[in-house]
Amino acid sequence: MEPVILGLVLGGLYALLAQSFVLTFITTKTLNFAVGEFVALGAFATIAVSSWSWLPSFGRVAVGFLAASVVGALAYRFIVLPFTTQGEHDTRWLLSTVALSFVMLNLITNVEGPSPQRSDTARISGSVDVLGVGVSKQQLLLAVLAVVISLILIVVSQRTSIGLVMRAVSQDPETTSLMGISPRLVGMGAYAVAMGLAGLAGVLYAATVGASPVMGAPLLVASIAVAVIGGLGSLWGPLLGGALYGVLSEVASFQYGAIWGETAGLLLVIAVLVWKPEGLLGRRMEVKL
């Protein structure tokens with residue numbers, strides 16, 4: 001039972017980051033491979049204002065979210081959008097986001113240094129008993145937050161005019177632009193929210209492991225795997241993908257050693273791609289690849 005509970009909790013962190021990929025994909029059909037650096041950006045932005053005693057803890061967390069959101073919107077406008085206008089099979093946006101990852105990594109390293117820094121913002125010490133298993137309160141907070149945010153995104157997507165606009169822009173940006181809706185602004189908004197979520201995850205994760213320029217790198221592969229397993233076209237997907245990937249990885253690690261944990265998760269990704277390429281909860285859709 002212990003590896004199952006721990007896997008579900010760990011899957012929550014992956015699911016929160018996977019929503020960053022899903023949200024940009026269902027809106028713009030693009031992915032940002034610099035998500036790991038946005039995790040670090042959110043963490044360091046919070047540390048930068050940690051000495052402001054007049055700003056409450058919630059406000060410092062909000063700074064991390066907003067910093068990643070603003071940079072995310074600008075990244076879409078100047079790094080992604082210019083490379084999506086030459087047809088649906090233009091994949092230069094993929095290379096541009098990879099390049100953005102290296103640029104951000106170098107900038108953060110040069111400014112903050114390579115060594116991890118302690119972050120006390122939003123830190124919750126201690127553990128809680130879940131079905132007889134001791135779980136860190138900080139990790140449990142991330143898991144619960146992933147579920148809450150996912151449910152909010154699903155409700156907004158399915159039951160509000162904002163969600164209708166997002167789906168319309170994704171399916172036919174040219175027609176929606178003729179109706180007075182700006183696909184560019186919608187894309188910037190999606191990237192702002194998605195990267196803000198990555199920054200938020202970075203703030204809370206840094207309270208456990210500390211903030212470093214490479215803190216998001218170990219999470220990148222797992223979060224992409226979770227998004228692929230659940231389905232890039234479904235906001236429900238990260239919750240299912242995170243649960244499956246987290247539990248399988250933890251059970252494999254518990255039974256066969258740590259080296260088999262990540263391997264088992266990636267084997268699951270391969271199985272899903274072979275059996276159901278669009279993901280367990282995804283639907284077949286036209287993509288730019």
Side-chain angles (χ1 to χ4, degrees), residues 12 15-32 34-35 38-39 41-42 58-59 61-82 84-85 88 93 97 144-203 223 226-227 230-242 278-279 281-288:
L16 184 58
L17 286 176
Q19 287 292 10
S20 299
F21 289 104
V22 171
L23 188 58
T24 60
F25 185 79
I26 64 176
T27 307
T28 67
K29 292 193 176 71
T30 63
L31 304 172
N32 182 8
V35 162
F38 279 89
V39 170
L41 175 61
F58 175 82
V61 174
V63 168
F65 176 89
L66 291 174
S69 293
V70 171
V71 176
L74 293 175
Y76 175 76
R77 174 62 183 85
F78 297 106
I79 303 297
V80 178
L81 183 62
T84 62
T85 58
E88 60 186 16
W93 57 265
T97 60
V144 172
L145 193 63
V147 174
V148 171
I149 289 177
S150 295
L151 293 177
I152 292 174
L153 290 175
I154 290 166
V155 171
V156 170
S157 173
Q158 297 180 352
R159 298 179 178 258
T160 68
S161 58
I162 296 176
L164 179 62
V165 168
M166 290 170 57
R167 294 194 299 272
V169 168
S170 175
Q171 295 173 8
D172 194 343
E174 294 182 359
T175 300
T176 53
S177 63
L178 294 175
M179 298 173 63
I181 298 173
S182 172
R184 181 178 67 183
L185 291 178
V186 173
M188 290 178 66
Y191 262 74
V193 174
M195 296 308 107
L197 292 180
L200 175 61
V203 173
S223 57
V226 166
L232 283 166
S234 170
L235 289 169
W236 286 103
L239 293 179
L240 176 60
E278 65 275 16
L281 299 181
R283 295 179 297 174
R284 290 189 179 276
M285 59 191 302
E286 195 87 9
V287 298
K288 296 181 178 181

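We use all heavy atoms of the structure for the numbers below, so side chains are in, but hydrogens, waters and symmetry mates are not.
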Where at least one partner belongs to residues 146-183, residue pairs that pass ring pair (Phe, Tyr, Trp, His ring centres under 6.0 Å), sequence neighbours excluded
none
Can you list every ring pair (Phe, Tyr, Trp, His ring centres under 6.0 Å) pair that touches residues 146-170, not counting sequence neighbours?
none
Working to the nearest 0.5 Å, report the span between OG1 of Thr97 and CD1 of Ile79.
9.5 Å
Can you sort out the partners of Val165 under side chain to side chain contact (heavy atoms under 4.5 Å, CB included), two or more places apart, ordered by chain and number?
Val169, Ile181, Val186
What donor-acceptor contacts under 3.5 angstrom involve side-chain atoms of residues 148-156, with partners at least two apart or in another chain?
| from | atom 1 | to | atom 2 | distance (Å) |
| --- | --- | --- | --- | --- |
| Ser150 | OG | Gln19 | NE2 | 2.8 |
| Ser150 | OG | Ala146 | O | 2.7 |

Ignoring hydrogens, what is the shortest heavy-atom contact between Gly42 and Val203? Give both atom names and the distance.
O-CG2, 3.3 Å
Grab the two heavy atoms, one from Gly241 and one from Val226, that are nearest each other, plus how far apart they are.
C-CG1, 3.5 Å
Rounded to the nearest 0.5 Å, what separates atom CZ in Arg167 from atom CD in Gln158?
7.5 Å
Which atom pair, heavy atoms only, marks the closest approach of Thr30 to Tyr191?
OG1-OH, 2.8 Å
Of the non-hydrogen atoms in Ala194 and Leu23, which two are nearest, and what is the gap between them?
N-CD2, 3.8 Å
Just to verify, what does Phe38 make a ring-ring contact (aromatic ring centres under 6.0 Å, His included) with, not counting sequence neighbours?
none
Show every ring pair (Phe, Tyr, Trp, His ring centres under 6.0 Å) that has at least one partner inside residues 154-189, sequence neighbours left out.
none
Would you please name every residue forming a side chain to side chain contact (heavy atoms under 4.5 Å, CB included) with Ala227, sequence neighbours left out?
Ala18, Phe21, Val22, Leu232
Thr175 meets the side-chain hydrogen bond (donor to acceptor under 3.5 Å, both in side chains) criterion, sequence neighbours left out, with Asp172
Sequence-distant partners of Arg184, side chain to side chain contact (heavy atoms under 4.5 Å, CB included), two or more places apart:
Arg77, Leu81, Ser182, Met188
Under 3.5 Å donor-acceptor, Thr27 side chain and Met166 backbone:
no
All N/O donor-acceptor pairs, side-chain side in residues 62-74, below 3.5 Å, sequence neighbours left out:
| from | atom 1 | to | atom 2 | distance (Å) |
| --- | --- | --- | --- | --- |
| Ser69 | OG | Phe65 | O | 2.8 |
| Ser69 | OG | Ala192 | O | 2.9 |

For Ser234, give me all partners under side chain to side chain contact (heavy atoms under 4.5 Å, CB included), at least two apart in sequence or on another chain.
Trp236, Leu281
Verdict with reasoning, Trp93 to Asn32, per side-chain contact (heavy atoms from CB on, under 4.5 Å):
CA-CA 9 Å; Trp93 57 265; Asn32 182 8; over 6 Å; no
Inspect the surroundings of CG in Leu185 and state if more than 12 heavy atoms from other residues, nucleotides or ligands are less than 6.0 Å away.
yes
Closest heavy-atom pair, Val80 versus Thr84, reported as atoms and distance to 0.1 Å, is O-CG2, 3.3 Å
Check whether any side-chain N or O of Ser157 sits under 3.5 Å from a backbone N or O of Gly163 as a donor-acceptor pair, and report yes or no.
no
With a 4.5 Å limit on heavy-atom distance, are the side chains of Ser170 and Thr28 in contact?
no
